[in-house]
Amino acid sequence: MKVLISACAADNGLSGIGHYIESVVEHLASDASVQEHYIVYVENRDNFLDDIDDARFEVRKLSSAFSSVAGNILWHFLILPAIALWSRASVVIFLAANRRLSLIPSVTTIGVVHDLSQLHIVGKYDRFRTFYVLQLLPILMRRLSRVIAVSHSTARDVRSFVKVPDAKISVIHNGADLQRFARQMPQGNGVLAKYSITKPYIIYTARLEYPGKNHVKLIEAFCKLRKDCDVQLVLTGAQWKGSEPILQRIDELDLGAQVIVTGFVPGEELPVLVQQAALFAFPSLYEGFGIPLLESMAAGTAVCAANVSSLPEVLGDAGVLFDPNDTEDMARVMQSILQNEEMRNDLIKKGYERSAIFTWERTVAAMKALCQTPAF
């Protein structure tokens with residue numbers, strides 16, 4: 001069986017969706033039981049799948065002419081359908097169906113929908129992309145043979161807004177590289193010194209994006225918290241659209257020495273920062289899943305998170321929830337965990353148990369099974 005995979009719109013593996021695409025393809029490639037022939041299409045600038053060396057997997061890069069958002073969308077509309085029909089593909093999988101899709105008749109199509117954040121966060125995209133994701137993508141989603149939602153929260157959005165029949169929707173949770181975060185890293189002190197971390201700290205691992213990731217409210221809650229707790233706040237992640245209000249708020253509150261903005265953290269250093277943290281806070285206003293929650297739980301770090309979208313679903317009873325729009329509530333929850341060792345140890349124990357449920361092996365096995373299921 002020949003399977004085509006669109007691995008486009010992956011941000012070169014640097015975003016949550018990019019991490020998902022990289023993990024799924026790599027785990028497919030490492031599965032010795034795979035007998036299908038896979039052809040994986042990535043954007044020209046993406047190099048995060050360059051190390052795959054397996055005869056069952058062809059990684060093909062698109063021409064640089066399709067590097068822009070508009071160009072890549074055009075490639076999916078016009079060229080990928082022709083490739084699928086000409087190559088006699090049995091299945092086409094879109095690993096970021098909430099960003100890129102095609103209409104391909106006579107072929108089984110499976111799309112992974114990570115989130116419909118455009119429904120929940122005003123001003124997330126410019127006019128062109130808002131029209132594309134709110135008007136065109138839903139039409140294409142309804143034509144898919146199968147839809148994979150990464151959470152029940154996302155499935156509800158697909159069902160209610162896109163109007164995809166429930167029988168077509170399968171919830172297949174994300175996984176996480178649990179072993180990478182569970183391993184004890186010997187270079188801990190050196191990493192902390194590199195980023196000028198000198199006190200117990202709260203960490204938030206997310207790209208600096210305003211308003212969706214809600215850094216500003218976290219910073220304001222941290223400012224209230226510092227009256228009772230002598231801690232630092234560490235914000236990891238590259239600066240994306242709208243990072244300016246975040247940096248501006250740090251300056252306005254005179255928190256430059258206490259709020260550490262690391263920028264993008266190399267893969268070998270991120271587990272160290274998460275493991276050494278006193279608390280992981282996840283105040284995002286909307287998440288289709290929330291892989292950093294799993295990583296933090298696997299690292300043995302107590303977790304608190306916003307009580308919205310998929311986050312309660314992923315966290316279960318292994319963390320404490322707060323209102324992401326209420327800085328008083330956020331500060332109260334963080335303080336209660338930081339100052340209660342018994343509570344923190346209980347959350348760490350529950351976090352280990354909870355995170356073990358979510359593995360990429362389970363994710364990929366469920367996806368492979370879906371490929372074998374007759375289309376509607």
| field | Heavy atoms of other groups near Arg344 CZ, more than 12 under 6.0 Å | value | yes
| Could you walk me through whether Ile250 and Phe222 pass the side chain to side chain contact (heavy atoms under 4.5 Å, CB included) check? | CA-CA 10 Å; Ile250 295 171; Phe222 173 73; over 6 Å; no
| request: Check side-chain hydrogen bond (donor to acceptor under 3.5 Å, both in side chains) between Lys194 and all other residues, then give those that pass, not counting sequence neighbours. | output: Glu269
| query | Between Arg180 and Glu268, does at least one N-O distance fall below 4.0 Å, as a salt bridge requires? | reply | no
| query | Does Glu313 reach the main-chain N or O of His152 with its side chain, forming a donor-acceptor pair under 3.5 Å? | reply | yes
| query | For Asp251, does the CG atom sit with more than 12 other heavy atoms under 6.0 Å from it, leaving out its own atoms? | reply | yes
| request: Please check if the side chain of Glu295 supplies one atom and the backbone of Pro271 the other of a donor-acceptor pair under 3.5 Å. | output: no
| remark: Value for OG (Ser106) from CD1 (Ile104), rounded to nearest 0.5 Å, stands at 10.5 Å
| message | When you compare the side chains of Asn12 and Arg45, does any donor N or O come within less than 3.5 Å of an acceptor on the partner? | response | no
| said: If we count only N and O atoms by modelled type, under 3.5 Å, do the side chains of Ser151 and Thr154 hold a donor and an acceptor together? | reply: yes
| query | side-chain hydrogen bond (donor to acceptor under 3.5 Å, both in side chains) with Gln248: which residues, sequence neighbours excluded? | reply | Glu252
| request: Check the pair Met1 / Gln372 against side chain to side chain contact (heavy atoms under 4.5 Å, CB included), numbers first and verdict last. | output: CA-CA 10 Å; Met1 182 169 71; Gln372 305 292 338; 3.6 Å; yes
| request: May I ask you to decide if Arg143's main-chain N or O and Lys168's side chain share a donor-acceptor pair within less than 3.5 Å? | output: no
| query | Just by modelled atom types, is the Ser145 backbone N or O under 3.5 Å from a matching donor or acceptor in the Thr109 side chain? | reply | yes
| query | Would you say the side-chain atoms of Tyr204 pair up with the backbone N or O of Lys213, donor to acceptor, closer than 3.5 Å? | reply | yes
| request: Starting from the C-alpha separation in whole Å, work towards a yes-or-no answer on side chain to side chain contact (heavy atoms under 4.5 Å, CB included) for Arg226 and Val259. | output: CA-CA 11 Å; Arg226 286 193 65 245; Val259 178; over 6 Å; no
| Is a donor on one side and an acceptor on the other found under 3.5 Å between the side chain of Ser309 and the backbone of Glu287? | yes
| said: Measuring only between side-chain heavy atoms, which start at C-beta, is Phe77 closer than 4.5 Å to Leu140? | reply: yes
| task | Flag the pair Asp50 and Lys61 as a salt bridge only when some basic side-chain nitrogen lies within less than 4.0 angstrom of an acidic carboxylate oxygen. | result | yes
| task | Would you confirm whether Ser243, through its side chain, and Leu208, through its main-chain N or O, come within 3.5 Å as a donor-acceptor pair? | result | no
| request: Please work out whether the ring planes of Phe289 and Phe358 are parallel, tilted or perpendicular, with thresholds of 30° and 60°. | output: perpendicular
| field | Tyr132 (side chain) donor-acceptor with Arg99 (main chain) under 3.5 angstrom | value | yes
| request: Carefully, step by step, assess Val261 and Ile246 under the rule side chain to side chain contact (heavy atoms under 4.5 Å, CB included). | output: CA-CA 10 Å; Val261 180; Ile246 301 168; over 6 Å; no
| query | Counting distance only, does the side-chain N/O of Gln232 pair as donor-acceptor with the main-chain N or O of Ile197 below 3.5 Å? | reply | no
| Lys349/Glu353 ion pair, N-O < 4.0 Å | yes
| request: Answer yes or no: is there a donor N or O on one side and an acceptor on the other, between the side chain of Arg207 and the main chain of Gly237, under 3.5 Å? | output: no
| query | So His76 and Phe94, would you call those rings parallel, tilted or perpendicular, with 30° and 60° as cut-offs? | reply | tilted
| query | Do Ile203 and Leu255 share a hydrophobic cluster, counting only Ile, Leu, Val, Met, Phe, Trp and Tyr and linking them when any side-chain heavy atoms are less than 4.5 Å apart? | reply | yes
